[in-house]
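Structure record follows, encoded as structure tokens.
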Amino acid sequence: MMESGVPVCHTCGEHVGLNGNGEPFVACHDCNFPICKTCFDYELKEGRKACLRCGNPYDENLLDDAEKASGDRSTIDAHMDKSQDAGIHARHISSVSTLDSEMTEDNGNPIWKNRVESWKEKKNKKKKTSIKVEIEAQVPPEQLMEDKPAADAFQPLSTVIPIPKSRLAPYRTVIIMRLIILGLFFHYRVTNPVDSAFALWLTSVICEIWFAFSWVLDQFPKWYPINRDTYIDRLSARYEREGEPSELAAVDFFVSTVDPLKEPPLITANTVLSILALDYPVDKVSCYVSDDGAAMLSFESLVETADFARKWVPFCKKFSIEPRAPEFYFSQKIDYLKDKVQSSFVKERRAMKRDYEEFKIRINALVAKAQKTPEEGWTMQDGTPWPGNNTRDHPGMIQVFLGYSGARDIDGNELPRLVYVSREKRPGYQHHKKAGAENALVRVSAVLTNAPFILNLDCDHYVNNSKAVREAMCFLMDPEVGRDVCYVQFPQRFDGIDRSDRYANRNTVFFDVNMKGLDGIQGPVYVGTGCVFNRQALYGYGPPSMRSLSKSSSSSCSWCGCCSCCCPGKKAPKDPSELYRDAKREELDAAIFNLREIDNYDDYERSMLISQRSFEKTFGLSSVFIESTIMENGGVAESANPSTLIKEAIHVISCGYEEKTEWGKEIGWIYGSVTEDILTGFKMHCRGWRSIYCMPLRPAFKGSAPINLSDRLHQVLRWALGSVEIFLSRHCPLWYGFGGGRLKWLQRMAYINTIVYPFTSLPLIAYCTLPAICLLTGKFIIPTLSNLASVLFLGLFLSIIVTAVLELRWSGVSIEDLWRNEQFWVIGGVSAHLFAVFQGFLKMLAGIDTNFTVTAKAAEDAEFGELYIVKWTTLLIPPTTLLIINMVGVVAGFSDALNKGYEAWGPLFGKVFFSFWVILHLYPFLKGLMGRQNRTPTIVVLWSVLLASVFSLVWVRINPFINTVDSTIVAQTCTSIDC
């Protein structure tokens with residue numbers, strides 16, 4: 001706790017300072033309790049004149065000096081401004097701020113008293129502003145013309161680029177034609193049953209109807225695809241005028257991690273470094289790292305990261321390098337000298353690479369040390385036990401590494417703020433996994449920095465485009481566009497995926513086709529990372545324009561939200577629950593409106609107003625946080641005391657803070673599903689917000705994906721399970737949010753598709769089994785085709801192909817990506833989605849929960865080495881079984897045709913084509929099972945062969961391939977023979 005021989009204040013972490021004699025300031029001469037002059041004055045102001053440690057009264061001389069100093073308000077105000085500029089102080093590694101959840105009754109009250117002065121100052125500022133306007137009105141027009149900004153500042157910051165009609169019109173025409181053909185096809189299928197195989201025919205028709213329904217849900221939300229373009233230069237011209245402070249909005253970054261042994265600290269460090277090196281004003285950037293596992297390894301690696309950032313950040317900004325994550329920058333196989341003109345670049349790059357390799361060695365040493373936990377637990381450098389030794393029972397921890405404390409880079413420039421956060425955990429409390437951690441970061445950031453916008457990233461997603469935040473601000477800070485925007489979603493892009501993308505890890509069809517379609521309706525869904533939020537939308541407030549829209553009829557279409565002529569905008573009647581929610585929301589909005597006029601109230605009336613409007617029941621028992629929620633432009637009150645803010649920040653991450661509040665229900669990340677991202681975005685769209693899809697030429701963020709087959713299936717299982725949970729909850733899009741007509745119908749169809757797609761696994765696995773059954777029994781699901789039926793089948797196949805081709809044409813997606821997506825749709829459908837349906841019903845109906853481990857995302861040294869690893873999982877059994885029975889069916893079908901003669905070969909080709917359709921779709925799965933050494937786990941082969949053999953033998957026993965002969969006819973034939 002000592003640096004340069006000067007004690008550090010136990011309250012705020014700053015040096016205690018010197019007294020008039022040049023000696024360290026001492027408040028209590030009995031125990032020498034270290035406290036700085038600012039905190040000492042604050043204690044006296046609150047009426048506490050005894051030492052916090054020993055309880056003895058302070059020296060009378062000090063008290064007299066403090067009373068004299070309190071008379072000079074200007075000195076105090078200047079001192080408070082200085083402490084505000086200093087911000088939250090960076091501390092030594094051992095001085096982690098911790099506090100149990102027990103809070104005193106007067107918790108937060110000093111904050112309200114401090115706010116009174118700031119509100120009075122706001123009044124004076126308003127008066128000064130009005131005077132300034134009057135003065136400016138007297139300035140000659142010629143001088144005003146000289147002061148006007150460039151013309152670009154008045155131009156739109158973004159524009160919508162619609163898909164050319166020459167590409168979109170044929171696409172829509174084919175969709176309508178395909179719908180007509182589907183209707184005729186089902187009419188034929190239903191009116192022409194197969195009597196000899198009625199059960200197989202009925203099963204196939206039910207499956208096909210479900211597939212058609214699923215296609216409609218997926219297809220029509222892509223009816224209005226659009227592209228967007230941004231103008232970063234206009235953003236700078238409007239908000240970054242030369243010679244003036246930047247007016248760009250501040251952004252709080254959230255990075256979440258749980259287990260550093262499964263989510264490598266080096267990957268998290270690269271994500272943090274890429275954030276700190278952003279091309280954005282440093283005083284507008286704050287990075288909060290959530291360690292939900294309370295691991296000392298995560299804390300120590302962040303200490304090393306903060307130290308290395310002092311070298312890395314100036315290097316990135318000096319030479320404008322991309323990307324600004326060192327691991328991925330130095331691993332690029334490109335000409336790094338391209339476009340570089342500074343002669344010192346090569347020398348400094350070599351030195352920086354050497355520094356980064358030394359940094360990696362230090363991180364690796366920490367990881368190696370953490371492999372084995374000491375019996376007595378981890379200990380910090382000063383010898384005190386690590387507060388998070390018990391990961392399920394520990395206090396809240398906050399540590400500020402960088403920021404306004406004077407921790408500058410090697411060139412003397414200021415660095416963005418970096419904050420370590422580990423929320424409190426106690427037995428008996430529900431912590432809600434990632435969603436709960438994100439909500440804790442929302443509250444902490446609101447208390448400490450309160451930026452109006454929040455960008456959340458997974459720990460393995462680094463910033464690949466240093467101007468990504470500026471891209472988002474072109475939408476969020478545009479007065480015309482950004483008023484009703486709840487978030488800007490970026491597409492996910494990935495490193496380290498094999499060239500053929502065997503398991504469709506890139507999800508290209510979803511990010512480049514489906515999301516563009518949704519952007520033309522009410523906006524893309526939230527996908528969990530790479531998203532910039534409007535903080536007000538996370539607080540459960542409606543968009544600013546919704547109040548005016550509710551009073552007058554909207555000109556936008558309730559079907560698509562794009563036009564006023566394609567359908568009538570009829571409003572659905574509200575159900576009682578919707579009326580209640582709308583009433584509560586209007587009451588909250590009214591309370592916010594009143595609080596914006598809070599300057600007209602005294603302290604007592606203000607407290608009564610907050611209690612009256614039930615803000616505490618909504619946001620929790622923190623007056624500091626409640627005040628932050630009504631600041632649309634963000635920021636922290638000027639009179640805020642840093643030490644008090646730290647205490648308040650720890651209070652809002654206590655495990656009991658969310659009890660009896662709306663957290664996770666109406667505000668913040670919504671609880672109730674392992675895929676909290678879909679639920680959170682859905683609630684925002686139901687309130688009337690819209691979202692924006694931003695696709696810059698250089699991908700904004702890049703991450704790592706599990707390229708191993710087993711890990712990929714478990715990842716898909718988690719997503720599908722979350723969809724099933726939403727389907728079985730009160731937030732199901734089939735019945736939630738109909739009141740008010742705020743959610744467009746095509747947007748609702750898209751959300752319905754996101755929660756019903758796992759149920760496609762049931763008809764899909766049945767449909768993939770039908771070819772094998774047909775080949776083994778000699779029966780088929782389709783009767784002999786007439787000429788009309790042949791035309792219908794041919795038209796259906798052609799419409800499917802033409803729809804795919806035209807979709808590729810307007811979206812720019814390659815045919816290989818489309819084929820991989822189709823293949824993994826089958827692979828995931830017959831494995832992960834199937835298990836998700838059963839596990840979802842068990843969890844929601846029987847209360848049997850399923851725990852998921854974090855997917856290991858660090859690859860081996862060999863390129864794509866992890867691709868060939870096969871890990872045992874029950875998810876491998878169903879697709880392996882389907883492969884084997886279809887192969888057995890093909891062999892049996894050919895054997896049957898050989899026995900029956902020439903007339904059996906015609907029907908055989910239809911059955912074999914059906915079976916090969918299944919095998920081709922499961923081919924990547926088969927390659928994954930074989931691995932690099934062509935080996936498969938014995939247990940997989942054993943169970944799959946057993947099930948396939950039993951299934952095949954049963955059908956052979958019921959309907960063998962040879963014709964049965966009546967024994968009585970044989971006996972009569974024998975008696976007629978004259979021996």
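Since we're looking at a predicted model, the values are computed, not measured.
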Does [X] count as lying over the ring of [Y], i.e. NZ or CZ under 6.0 Å from the six-ring centre, within 45 degrees of the axis?
| X | Y | value |
| --- | --- | --- |
| R712 | F824 | yes |
| R748 | F738 | yes |
| R172 | Y224 | yes |

Quiz prompt | Results of side chain to side chain contact (heavy atoms under 4.5 Å, CB included) for N227 - residues two or more places apart only | solution =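 By the side chain to side chain contact (heavy atoms under 4.5 Å, CB included) rule, N227 matches I161, I163, K516.
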With no hydrogens and no angle check, is any side-chain donor or acceptor of [X] less than 3.5 Å from a backbone partner on [Y]?
| X | Y | value |
| --- | --- | --- |
| E725 | V674 | yes |
| Q839 | L721 | no |
| Y526 | Y487 | no |
| N465 | P699 | no |
| R423 | H431 | yes |
| R698 | N464 | yes |
| S723 | T754 | yes |
| D501 | N505 | yes |
| Q489 | V527 | yes |
| T529 | D458 | yes |

Quiz item: Under 4.0 Å between a Lys/Arg side-chain N and an Asp/Glu carboxylate O for K222 and E807?
Solution: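 The answer is yes: the pair qualifies as a salt bridge.
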Determine whether [X] and [Y] make a side-chain contact, defined as any pair of heavy atoms from C-beta on separated by less than 4.5 Å.
| X | Y | answer |
| --- | --- | --- |
| E480 | P156 | no |
| S761 | V830 | no |
| T629 | F619 | yes |
| P221 | N753 | no |
| R493 | F511 | yes |
| L476 | V488 | yes |
| K434 | N439 | no |
| Y751 | Q747 | yes |

Exercise. List the steps, then state whether ring-ring contact (aromatic ring centres under 6.0 Å, His included) holds for H432 with W663.
Key: CA-CA 11 Å; H432 302 290; W663 283 102; over 10 Å; no
Practice problem: Decide side chain to side chain contact (heavy atoms under 4.5 Å, CB included) for L818 and V509; before the verdict, give the C-alpha distance in whole Å, the side-chain angles of both, and the deciding distance to 0.1 Å. | Solution: CA-CA 6 Å; L818 182 65; V509 173; 4.2 Å; yes
With a 3.5 Å cut-off and no angle check, do the side chains of [X] and [Y] form a donor-acceptor pair?
| X | Y | result |
| --- | --- | --- |
| H461 | T271 | no |
| S256 | E438 | yes |
| Y736 | K683 | yes |
| T680 | D677 | no |
| N514 | D218 | yes |
| D512 | S811 | no |
| E662 | T618 | no |

Residue among [options] satisfying ring pair (Phe, Tyr, Trp, His ring centres under 6.0 Å) with [X]:
| X | options | result |
| --- | --- | --- |
| H833 | F838, F759, Y757 | Y757 |
| F701 | F253, F490, F494 | F490 |
| F533 | F453, Y539, F254, W669 | W669 |

Quiz item: For D495, what residues pass the salt bridge (Lys or Arg N to Asp or Glu O under 4.0 Å) criterion, not counting sequence neighbours?
Solution: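 Listed in chain order: K702.
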Can you tell me how far [atom2] of [Y] sits from [atom1] of [X], rounded to the nearest 0.5 angstrom?
| X | Y | atom1 | atom2 | answer |
| --- | --- | --- | --- | --- |
| L457 | T268 | CG | OG1 | 11.5 Å |
| N270 | S704 | CG | OG | 11.0 Å |
| E471 | L697 | CD | CG | 8.0 Å |
| H714 | L709 | NE2 | CG | 10.0 Å |
| I827 | L875 | CD1 | CG | 12.5 Å |
| L679 | S673 | CG | OG | 6.0 Å |

Quiz item: Are F328 and Y462 close enough that their ring centers fall under 6.0 Å?
Solution: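 For F328 and Y462, the ring centres are under 6.0 Å apart.
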Exercise. May I ask you to check whether W223 and Y171 place their ring centres under 6.0 Å from each other?
Key: no
Self-check item: Test applied, side chain to side chain contact (heavy atoms under 4.5 Å, CB included); reference residue, E658; option that passes from K665, Q430, R443
Solution: R443
Quiz item: What do the steps show when you test Y280 against R470 for side chain to side chain contact (heavy atoms under 4.5 Å, CB included), and what is the final call?
Solution: CA-CA 8 Å; Y280 207 72; R470 294 178 180 268; 4.0 Å; yes
Quiz item: With W825, which residues qualify under ring pair (Phe, Tyr, Trp, His ring centres under 6.0 Å), at least two apart?
Solution: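 Applying ring pair (Phe, Tyr, Trp, His ring centres under 6.0 Å) to W825 gives none.
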Practice problem: For G523 and H685, work out which heavy atoms get closest and say how close. | Solution: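 The pair with the smallest heavy-atom distance is O-CE1, 4.0 Å.
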Practice problem: Begin with the C-alpha distance, continue with both residues' side-chain angles, and end with the deciding distance and a verdict on side chain to side chain contact (heavy atoms under 4.5 Å, CB included) for C732 and I755. | Solution: CA-CA 8 Å; C732 178; I755 58 108; 3.8 Å; yes
Quiz prompt | Sequence-distant partners of T803, side-chain hydrogen bond (donor to acceptor under 3.5 Å, both in side chains), two or more places apart | solution = none
Exercise. Applying side-chain hydrogen bond (donor to acceptor under 3.5 Å, both in side chains), name anything that partners T257, two or more places apart in sequence or on another chain.
Key: E263
Practice problem: Under the salt bridge (Lys or Arg N to Asp or Glu O under 4.0 Å) rule, what do R535 and D252 come out as? Steps first, then yes or no, please. | Solution: CA-CA 10 Å; R535 187 183 283 269; D252 288 337; 2.8 Å; yes
Practice problem: May I have the step-by-step check of side chain to side chain contact (heavy atoms under 4.5 Å, CB included) for C531 and L455, ending in yes or no? | Solution: CA-CA 6 Å; C531 185; L455 195 158; over 6 Å; no
Residues 209-216 side chain polar contacts: donor-acceptor under 3.5 Å, at least two apart:
residue	atom	partner	partner atom	Å
W210	NE1	T760	OG1	3.0
W215	NE1	Q219	OE1	3.1

